[in-house]
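This report concerns only the one structure given below.
Order of listing sets the numbers, starting from 1, for every ligand and every atom in it. Small disclaimer: the values here were computed from a predicted structure and weren't measured.
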Amino acid sequence: MNSLMKRYEGNPILTIDDLPKGIGYYILNPGAIKFNGEYLLLVDVFHVEGSICFWIARSKDGYHFKFDPAPVDWPEMPADTGWEEHGCYDPRITKIEDEYFIFYGSHNNKCGTRIALAKTKDFVKFEHVALTSELNNRNAALFPEKINGMYCRFERPFPGDEFSPCYMWMSFSKDLEFWGKHRESLLPRPGHWDHQKIGAGAPPIRVKEGWLEIYHAVNPTCDGSIYMLYAAILDYKEPWRVIARSKYPLLFPEAEYEQKGRVRNVVFTCNAILEDDGMVKVYYGAADTCIGVAEAPLDEIVKSCFEPYRFTLGLKKQ
Ligand code: BMA
């Protein structure tokens, strides 16, 4: 395997078989957080009825997880939003003070996806905060600190289909409800695996060099897309400024459970956890079917962003 991150040998750590029989077909792309001494995954479950909703899985050691007996009691979308939610997916959890904010894709079968925000203090009671984007936007990841006095997030507007080029933007908000001051941030890199389509992975992690962003890249092939993970270092005060970027993927779908499933060749993350010993754990959906965890020391991930190129043909030096 060539990926920088090391897969846990017990992967996949969760599959649909860990839920009671008859619940669903696939599980994927969990939000991940440490809460009250437990690792907690907020998992997308594709139910037998066709909708997607969240179930929590818990673990003491970060590797052995057990699902709660029932799905999360997710708040109904308020009628005054005028938006009917048929599924919620790809939750990204950010802790700010004593609250956990969750940006997720709010799906409507007739029109598509918008970014919604929910919050919780205890992972039992969840509250709707706002519907925070127009149509065709997702992959929102909230920074854990304000930037110049404003909440800041990544977002990823897209043209509506799954195949056109698109990339990461940022927007800002005073109240988490209304988002503006949109600006470009990470762009695709010609000549790299991330030359076509990219989006936030995990909410950024504060590092001494600035912010570490683990993002996903989508590479088109004649036979579907390959989803992989990359890293970038962003300026602390002006995070739209890219300081360095990994030259090769942190995680590329090389394992069988990442290459075969509902959507082949996918590793996709929504949260990374920085451990006290300096290891980064990335929980990820594999082939849109099951969940794995991969790890690497933070220092190595950061270092990989600053490494020089080895194969330089036509590559942009960023
Ligand atoms: C993205 C998202 C993810 C999914 C991935 C691969 O566009 O929709 O939820 O895991 O595609 O299918």
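Among Met5, His192, Met228, the single residue meeting the side chain to side chain contact (heavy atoms under 4.5 Å, CB included) criterion with Pro249 is Met228. Tested against Asn265 for a side chain to side chain contact (heavy atoms under 4.5 Å, CB included), the candidates Gln259, Lys260, Glu258 yield a single pass: Gln259. Test Thr15, Asn11, Thr289 against Tyr257 for side chain to side chain donor-acceptor pair (under 3.5 Å) and you get one pass: Asn11.
Proximity of Arg262 to Tyr25: side-chain heavy atoms (C-beta onward) are nowhere separated by under 4.5 Å.
Ring pair Phe54/Tyr104 is perpendicular by interplanar angle, where above 60° counts as perpendicular and below 30° as parallel. Ring pair Phe268/His216 is tilted by interplanar angle, where 30° to 60° counts as tilted.
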Any protein N or O within less than 3.5 Å of an N or O in ligand 1? List each pair with its distance, or say none.
| unit_1 | atom_1 | unit_2 | atom_2 | d |
| --- | --- | --- | --- | --- |
| ligand 1 | 7 (O) | Arg138 | NH2 | 2.8 |
| ligand 1 | 7 (O) | Glu162 | OE1 | 3.4 |
| ligand 1 | 7 (O) | Tyr227 | OH | 3.4 |
| ligand 1 | 9 (O) | Asn29 | ND2 | 3.1 |
| ligand 1 | 9 (O) | Asp90 | OD1 | 3.3 |
| ligand 1 | 9 (O) | Asp90 | OD2 | 2.7 |
| ligand 1 | 10 (O) | Asn29 | ND2 | 2.9 |
| ligand 1 | 10 (O) | Asp288 | OD1 | 2.6 |
| ligand 1 | 11 (O) | Tyr227 | OH | 3.1 |
| ligand 1 | 12 (O) | Asp288 | OD2 | 2.6 |

